[in-house]
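Heads up: the structure comes next, in structure tokens.
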Amino acid sequence: MLTQLESFPKSSSSSAPISFLALALLTLCSMPAWAGGDWVNFTDETSTRIVAAPELAVTDTEEKDFAIGDLDRDGDIDLVVVRKLPFTNVGPRRNVLFMNEGGVMTDRTNTLAPDMLDATDDRDVALVDVDGDGWLDMVTVTTLGEQPRLYMNLGAPGGNWAGLDWDPMDVRLPTFVPAPQFCALAVGDVSGDDVPDLYFADYENDLEDRLLINNGSGVFTDETDTRLAAGFADSVFGTDAEIFDMNGDGFNDIVKNNSSGDEPPPGTVSATSILYNDGTGNFTVIDEIYAVAPYMVEVADFNQDGRYDVFIVDDGQDRMLTNTGNNAQNRAEFDTVQVTTSPDTAFFGGNTFAADVDLDGILDIVVSDVDTDIKGCDRELTILRGTGTPPNVTYGDPLSGAGRTWRTQGTFDAVVFDINGDGAPDMWAGTCTGTKVFMGDPKIVPEIFLDGFESGNTSAWSATSP
């Protein structure tokens, strides 16, 4: 089956035995908190880690969303930034391609992705190898009446990476009528042919959500009406979606989030729901798993028990839904726990990113604070620390006071990846007032993690990853 690239790619020389890794993790879990009493430390190096016009980065006030991946296959993680006028307003803006050049994120849009200079209303973006050539392509999620775009990776035919190209005459995505109001994209194989398909979450209009099936060469067909039962694609306010095998039957399901509505059909209730794959790539069962006030979701095996859990960004207190196994109908069941030790996730939040920030072997969760549909930049980003001994893992941030400069205010999105190759996780955060780069402390990276330890976070999807 297809796998997903991870934010800290596995070294080709990784050879640490599992037993040694387990011993190292147990030792790390008993280590004291970070210096200064905090569990994670970052240093602000924004001024030296970005080469770009200020209005595209350091002083960029636009709404932004990120995707990371090794676009040129040089071993460093690159970054794409999609931008629009903040909040639910029409206001197309140009996007930015940041190439990682020795730990300095450099704007190379003009030369390597000139089509990204077009002003578009993008709200989400994904890096995915759609045609199986081993190079990550890019899908942008347009909203408020524009068509999404698929930028193909041109590879390195002459030895040097040729960049990303969008050709309006190369019809790889269908043209949607009426024009979509997409908000999010899920990537994964639902048809069982080991190539990535696409699921777009839509705001309320006559189009609704769309499921696109890949023919294997990166050409997609809209098969929503034939693969989803009646009403399953409906969304009053679809804000997020993920594709994972939630009940462990070997077939990927669709997790969708609808943030408004309380009437039938089933897709239009305000809830997080799972659309179950029947094994043929068709979806005939929908199961509502959460119905308070969900806005965003993050799916991962947070407690390392082999089952996918769901973190919910709620308009009230955020919650963790722990997958406890299947019921008699072969649907996943969940225990719901409030994140009570984090006062900073007790109100509107936004984008999430799962990564092992402190390298203790347990995923942590970065929660951005801006709800892109409701104006307001007065809250702060937080990182929820995963603690405990798996599968008994809990999440919270008891040290949420002042003095933590990495807790940016008014954060649209944030991603964690190793920018300078020292093994320590770094963070790129996009706020209402600009972009910030925070570098992790390499002194706290245990040697075992410098050669092959993988976090569980996924950000780019490829058929060729191990």
* To do: Measure from the side-chain N and O atoms of Asp240 to the backbone N and O of Val297, and report whether any donor-acceptor pair falls under 3.5 Å.
  => yes
* **Residue pair Phe98 / Asp107, side-chain heavy-atom distance below 4.5 Å** => yes
* Between Asp202 and Arg210, is there a salt bridge with N-O shorter than 4.0 Å? -> no
* To do: Go through the steps for Phe283 and Tyr276 under the test side-chain contact (heavy atoms from CB on, under 4.5 Å), then give the verdict.
  => CA-CA 6 Å; Phe283 299 83; Tyr276 281 103; 5.7 Å; no
* To do: Could you tell me whether the side chain of Asn252 and the main chain of Gly188 form a donor-acceptor pair under 3.5 Å?
  => no
* Around atom CG of Asp206, are there more than 12 heavy atoms of other residues, nucleotides or ligands at under 6.0 Å? -> no
* Sidechain N-carboxylate O distance under 4.0 Å for Arg307, Asp301 -> no
* **Donor-acceptor side-chain pairing of Asp131 and Ser217 below 3.5 angstrom** => no
* To do: Kindly assign one of parallel, tilted or perpendicular to the pair Tyr151 and Trp166, based on the angle between their ring planes and the thresholds 30° and 60°.
  => tilted
* **Result of checking Asp44, Asp38, Asp344 against Arg407 for salt bridge (charged side-chain N to carboxylate O under 4.0 Å, His left out)** => Asp344
* Glu146 versus Pro92: any side-chain heavy-atom pair under 4.5 Å? -> yes
* Structure fact -> dist Met105:CE -> Thr48:OG1 (nearest 0.5 Å) comes out at 13.0 Å
* Rounded to the nearest 0.5 Å, how far does CD1 of Ile286 lie from CD1 of Ile254? -> 9.5 Å
* Does a salt bridge link Arg108 with Glu101, judged by any charged N lying under 4.0 Å from a carboxylate O? -> yes
* If only atom types and distance count, is the side chain of Asn100 paired as donor or acceptor with the main-chain N or O of Asp76 below 3.5 Å? -> no
* Side chains of Asn257 and Thr272: donor-acceptor distance under 3.5 Å anywhere? -> yes
* N-O pairing of Glu63 and Arg93 below 4.0 Å -> no
* Flag for Thr345-Gln317: side-chain donor and acceptor within less than 3.5 Å -> yes
* Side chains of Asp65 and Asn351: is there a donor and an acceptor less than 3.5 Å apart? -> yes
* **Contact check, side chains of Cys432 and Thr61, non-hydrogen atoms, under 4.5 Å** => no
* Ser342 (side chain) donor-acceptor with Val339 (main chain) under 3.5 angstrom -> no
* Asp129 side chain reached by Trp135 side chain, heavy atoms, under 4.5 Å -> no
* Out of curiosity, Glu333 CD to Asn326 CG, how far, rounded to the nearest 0.5 Å? -> 8.0 Å
* **Candidates Thr284, Asn282, Asn277 - the one meeting side chain to side chain donor-acceptor pair (under 3.5 Å) with Thr280** => Asn282
* Okay, side chain of Lys436, backbone of Glu45: is any donor-acceptor separation there less than 3.5 Å? -> no
* Keeping the roles fixed (side chain from Thr142, backbone from Gln147), state whether a donor-acceptor pair exists under 3.5 Å. => yes
* **Pairwise side-chain contact, Arg172 with Met152, heavy-atom cut-off 4.5 Å (strictly under)** => yes
* Salt-bridge test for Arg385 and Asp364: reply yes if a basic N is under 4.0 Å from a carboxylate O, no otherwise. => no
* So do the side chains of Asp318 and Ile312 get within less than 4.5 Å of each other, counting heavy atoms only? -> no
* Would you say Asp121's side chain and Val90's backbone share a donor-acceptor pair under 3.5 angstrom? -> no
* To do: Determine whether Phe353 and Ile365 make a side-chain contact, defined as any pair of heavy atoms from C-beta on separated by less than 4.5 Å.
  => no
* Test Thr59 against Thr433 for side-chain contact (heavy atoms from CB on, under 4.5 Å), laying out the working first. => CA-CA 6 Å; Thr59 61; Thr433 57; over 6 Å; no
* Is there a donor-acceptor pair closer than 3.5 Å between any side-chain N or O of Lys375 and the backbone N or O of Thr88? -> no
* Are the side chain of Asp78 and the backbone of Leu71 linked by a donor-acceptor contact shorter than 3.5 Å? -> yes
* To do: For the residue pair Val128 and Val139, establish whether any side-chain heavy-atom pair is separated by less than 4.5 Å.
  => yes
* Please round to the nearest 0.5 Å and tell me the distance separating atom OG1 of Thr322 and atom CG of Asn303. => 5.5 Å
* Please round to the nearest 0.5 Å and tell me the distance separating atom CZ of Phe182 and atom CG of Asp124. => 12.0 Å
* Asked: Would you call the rings of Phe42 and Trp406 parallel, tilted or perpendicular, where under 30° means parallel and over 60° means perpendicular?
  -> perpendicular
* Output field: ring centroids Phe302/Tyr395 closer than 6.0 Å -> yes
* When you check the side-chain N and O atoms of Thr109 and Arg94, is any donor under 3.5 Å from an acceptor? -> yes
* **Pairwise distance CZ(Phe438) to CG(Asn41) - rounded to 0.5 angstrom** => 12.5 Å
* Any salt bridge between Arg149 and Asp118, counting N to O under 4.0 Å? -> yes
* Asked: Quick check: does any side chain N or O of Lys64 sit under 3.5 Å from a backbone N or O of Asp60, one acting as donor and the other as acceptor?
  -> yes
* Using distance alone, with no hydrogens and no angle criterion, decide if Thr394 and Thr387 have a side-chain donor and acceptor under 3.5 Å apart. => yes
* List the steps and the verdict of salt bridge (Lys or Arg N to Asp or Glu O under 4.0 Å) for Arg123 and Asp413. => CA-CA 11 Å; Arg123 178 152 276 183; Asp413 198 10; over 6 Å; no
* Thr411 and Asp369 side chains, donor-acceptor separation under 3.5 Å -> yes
* Asked: Does Asp426 come within less than 4.0 Å of Arg49, counting only side-chain N to carboxylate O?
  -> no
* **Distance-only donor-acceptor check, side chains Tyr295 and Thr372, under 3.5 Å** => yes
